[in-house]
Structure formats: structure tokens, C-alpha cells
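The structure displayed is predicted, hence computed values, not measured ones.
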Amino acid sequence: MFALVDCNSCYASCEQIFRPELRGKPVVVLSNNDGCIVARSKEAKLLGIDDLQPFFKIEPILKQHNVAIFSSNYALYGDISHRVMTTLKTFSPEVEVYSIDEMFLNVAGMPWNLKEYGQQIKQTLWQDIRMPVCVGVGPSKTLSKLANRAAKSITQCNGVCVLDQPHKWQWLQKRMPVTQVWGVGKRLAKRLQRFNIDTVYDLAQANTKVLRREVNVNLERTINELNGIACYPLEEQPSAKKQIYCTRSFGEKLSELSLIKQAVAVYASRASQKLRAQKSVVQSIQVFMHTSPHQDNYVSRSVVCQLPYPTNDSREIVALALQGVAAIYQPGNRYIKAGVGLLDVCDRRFNQFDLFNTGQSAHSEKLMQLLDKTNARHGRNAVFLGAEGVAQKWAMRQQYKSPAYTTRWGDLPVITMR
DNA sequence: TCTGGGGTCCTAGGACCC
DNA sequence: TCTGGGGTCCTAGGACCC
């Protein structure tokens with residue numbers, strides 16, 4: 001049996017931890033660059049504010065209803081997430097951190113009543129961290145995801161839903177549209193309509209062989225999972241990424257090559273850092289940039305560049321990314337976004353040398369280790385490449401950012417005793 | 001003044017080569 | 001009735017997730 005624990009309106013709840021006066025009030029959190037709504041408290045949802053709406057379009061409505069607005073504060077959310085995950089690990093020896101606000105727990109063979117166990121998890125996280133969560137339990141990951149949705153939307157569940165019998169999950173499946181299934185998006189749902197599949201139940205009862213042939217093997221697995229047959233195992237160790245991207249919108253539109261280069265240097269550097277964190281090397285990278293797709297004369301270009309040998313050295317990756325930028329840059333355009341992708345990522349241990357290239361030097365390996373160690377100890381940007389620039393005029397907008405309450409000495413909350 | 005996220009993986013289609 | 005290949009690389013864009 002799997003339990004999926006999912007934080008309710010995660011980012012909004014994080015903000016409410018240090019602003020308790022905002023509990024029970026409408027709160028929204030914006031994406032990077034204050035672009036879209038990415039988290040809404042229950043009260044904000046009730047005002048009819050949709051997920052991923054552009055902020056500037058609904059700003060007047062938010063102000064009118066006195067909604068508390070926050071820019072994304074990932075230092076805070078990352079730290080709170082870490083606390084939640086640490087607490088959850090005490091509830092099961094086998095867990096998978098699925099996203100910043102979700103964790104799968106293996107609860108097979110637990111001697112306790114699973115409904116009560118779920119309530120205990122929920123209460124502990126509220127008492128220790130003030131994070132509200134919902135718990136879904138089922139014999140497969142897909143069913144535990146479905147159970148979690150029920151726990152969130154059906155009041156009688158009181159935040160915990162256990163699907164341990166076929167009649168229970170079938171009852172739910174008949175009442176849910178197929179888009180509620182993990183891995184089925186808008187597009188696939190439309191394709192499934194051709195097979196007369198509208199509800200989750202229709203999909204669960206569909207012919208696996210036909211859909212495997214018509215769609216793919218993952219859909220066959222999903223169907224089995226919906227019938228209580230686990231096909232996706234718990235992944236305690238996250239598998240290494242095959243591609244690593246770092247992309248950002250700029251705070252303002254950029255035309256000047258030197259500024260775009262600075263931004264791309266930062267993205268390439270950050271991607272390299274992620275690459276080293278998973279102990280991999282890369283031999284080809286992609287650089288892209290584009291203007292606003294919401295305006296006329298949309299321009300988007302990308303290029304793939306090869307490194308001479310597999311490496312994880314920020315200096316080489318950044319230098320190549322900058323060549324890429326120069327190759328696709330066209331003067332006169334006002335770019336809104338750029339990004340760097342590391343494409344053929346592979347394990348450092350399988351790094352192959354050839355006759356003419358000795359590969360990354362031991363000196364370079366050592367320097368990168370030192371760089372990562374220093375930044376881990378003294379903050380992410382304690383040491384960085386000169387190409388990344390200091391002024392960062394293109395940095396994203398974050399007009400409504402809360403303090404880094406838990407990760408910066410100067411931002412520690414102060415409690416006043418009366 | 002002007003505003004529209006980010007990450008990963010996959011696929012379609014075209015260019016080019018043999 | 002009508003029939004002309006297959007592989008690789010590159011780029012753009014889509015699908016799905018959070």
C-alpha cells in the first residue's frame with residue numbers, strides 16, 4: 001500500500017505559517033517574475049481565482065477583495081518542505097520525495113488502521129510545522145493519487161481517504177472525469193473520447209492491449225494501476241535526469257546582447273551545478289531565447305553545441321553557452337526569456353576518453369568540488385563566474401516577496417511579549 | 001511602461017547523407 | 001490500384017507534471 005501526502009495550497013500555507021493572521025483569509029502566491037498565480041488558499045479559490053492566471057490581468061480583482069499577494073520565496077518553501085519530509089520519514093522507512101510538496105510512503109504491512117494512521121500524519125504535520133496536508137492511500141501510486149484528490153475535495157473524508165477495496169475505488173472512479181488520473185492530461189483525454197472513455201472508471205475497464213497499441217505502454221500501466229496492480233515502484237533514490245534545464249523569464253525585455261549573455265551565463269552555471277549534484281557529465285548543450293509569444297513578430301531560436309569531451313566544468317559549459325547565444329541572437333528583437341539545457345547527460349563513471357582528448361582534468365574536477373562546497377557552506381552565490389555579472393539588471397520581478405524567515409539571520413521573525 | 005512559470009521527456013518533420 | 005529507403009541529426013513544439 002502507498003500513501004501520498006500532499007500539502008494543501010503549499011506555497012500559500014508556507015506564507016501563512018509566519019503570518020498566522022492570514023489564516024482563513026484569501027492568499028495567493030505568484031510564479032517567478034510575478035507572472036502567474038501558482039498557489040491559492042482555499043478562500044482565494046472560493047473567490048473564483050483560477051490556477052495559472054496571469055497576475056496582471058486579475059490584479060484589480062485581487063486588490064478589490066483584499067487578497068494577500070506574495071512573490072515566490074523558494075528559500076522559504078524549500079526549507080519548510082525539508083521539515084515536512086523529515087517529519088514524514090518518521091512514519092515509514094521507505095519514502096519517495098515526489099515533488100516539493102508531495103511524498104509517497106510505503107505503508108504496506110503497517111499494523112495500524114490506515115485511516116487512523118493518515119489522520120495521525122495529518123495532525124503531526126499541523127502540530128509540528130503548521131502545514132495542512134491531505135493523505136491518500138491505495139494499493140498503487142496512481143490510486144493513492146486518486147485517493148488524495150478525493151481527500152481534498154470530499155468533505156466527509158476529513159483530509160484522509162483510503163482506497164483499500166475495489167468497490168471503494170470503483171465508486172470513486174465512476175464519479176471522476178478521466179483527466180483526474182495521474183498522467184492523463186487534456187490532450188490524451190480528448191484522444192480517449194474516441195474510445196468512449198470519459199470517466200476514470202471507463203479507463204480502468206478499457207482494453208489494455210488496444211490502448212497500449214494505440215497510445216503507449218505507460219497508459220497500459222496506468223490502467224493496471226487503476227485496478228490495484230502496482231506497476232510504478234517507489235523510487236527512493238531519484239533516478240538521474242537525462243536532460244537538465246535552467247530557463248527564466250527576464251524582469252524586463254532585453255535587446256542588448258551583453259545583458260542576455262549575463263543571464264545565460266547564470267542559467268548555464270546553475271544547470272552545471274545541478275549536473276554535478278547528480279554526479280553526471282554532459283557533452284552537448286542547447287541554448288534558446290525568444291521574444292514574447294503573446295505579441296506579433298514572435299521570434300524563437302535555439303541551437304545545440306558540442307563540447308569537446310564530457311564535462312561538468314561550469315567554465316566550459318558557460319563559455320559554450322555564450323557562443324550559442326551569440327549564434328542565435330538577432331539585433332532589434334526584444335527578448336523575454338532564455339534558457340540552457342544540458343542534453344546528453346550521463347554518469348561520470350561511464351565517461352569515455354578517446355585518443356585525442358584526455359577529457360576533463362583532475363584540476364578542473366577539484367576546482368568544481370571546491371566551488372560547490374563553498375557555495376553550500378556560504379550561500380548559493382558566494383562564489384560565481386565573472387560572466388554572470390553583478391548588477392543583474394535583467395533579474396526577475398519579485399515585488400511581493402516575504403522574508404526568508406528560516407534561512408537568513410537578518411530575516412528571523414521577532415516575537416514581542418506583552 | 002508594461003506585464004503571460006519552469007522542468008523533463010517525447011515526437012513530428014525536415015535536412016542531409018549513404 | 002498502385003507502387004521509389006533508411007538512418008541520423010537538428011529544431012520546433014507539444015504533453016504532462018508541479
Applying a 4.0 Å non-hydrogen cut-off, can you work out what [X] is touching in the nucleic acid: base, sugar-phosphate, or nothing?
| X | result |
| --- | --- |
| A:L30 | nothing |
| A:K57 | base |
| A:F55 | nothing |
| A:L52 | base |
| A:C246 | sugar-phosphate |
| A:S300 | sugar-phosphate |

Notebook entry, point to check: Which residue, A:N32 or A:K253, contacts DNA chain B at a nucleotide closer to its 5' end, judged by nearest heavy atom?
Noted result: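 Between the two, 5'-proximity favours A:K253.
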
Check: Taking for each residue the nucleotide of DNA chain B bearing the nearest heavy atom, is the 5' side occupied by A:N216 or by A:S31?
Finding: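 Per heavy-atom nearest nucleotide, the more 5' residue is A:S31.
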
Note to self: To the nearest 10°, give me the bend of the helix from B:dG5-C:dC18 to B:dC18-C:dG5, comparing the axes of its five terminal pairs at either end.
What the structure shows: 20°

Next item on the list: Check whether any side-chain heavy atom of A:I317 lies under 4.5 Å from a side-chain heavy atom of A:L275, and answer yes or no.
Entry: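 A:I317 vs A:L275: side chains touch.
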
Note to self: If we count only N and O atoms by modelled type, under 3.5 Å, do the side chains of A:D313 and A:Q360 hold a donor and an acceptor together?
What the structure shows: no

Notebook entry, point to check: When you list every nucleotide of DNA chain B with an atom under 4.0 Å from a heavy atom of chain A, which one comes first 5' to 3', and which comes last?
Noted result: B:dT3 to B:dC9

Margin query: Using the side-chain contact (heavy atoms from CB on, under 4.5 Å) definition, which of the options A:I223, A:N224, A:N216 pairs with A:E220?
Written below: A:N224

Note to self: Please identify which of these residues, A:V95, A:V135, A:V137, A:T87, meets the side-chain contact (heavy atoms from CB on, under 4.5 Å) condition with A:V5.
What the structure shows: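 Only one option passes, and that is A:V135.
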
Margin query: Quick test of your reading of the model: are A:R191 and A:E214 salt-bridged, counting only N-O distances below 4.0 Å?
Written below: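 Here A:R191 does not pair with A:E214 in a salt bridge, since their nearest N and O are not under 4.0 Å apart.
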
Notebook entry, point to check: Quick check: does any side chain N or O of A:D372 sit under 3.5 Å from a backbone N or O of A:Q273, one acting as donor and the other as acceptor?
Noted result: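 Not confirmed, A:D372 side chain does not pair with A:Q273 backbone.
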
Notebook entry, point to check: For atom P, what is the distance between C:dC18 and B:dG4, given to the nearest Å?
Noted result: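 Their P atoms lie roughly 25 Å apart.
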
Next item on the list: State which residues pass salt bridge (charged side-chain N to carboxylate O under 4.0 Å, His left out) with A:K122; sequence neighbours excluded, sorted by chain then number.
Entry: none

Check: How are the rings of A:F288 and A:H290 set relative to one another: parallel (under 30°), tilted (30 to 60°) or perpendicular (over 60°)?
Finding: parallel

Notebook entry, point to check: What class does the angle between the rings of A:Y232 and A:W182 fall in, given that below 30° is parallel, 30 to 60° is tilted and above 60° is perpendicular?
Noted result: perpendicular

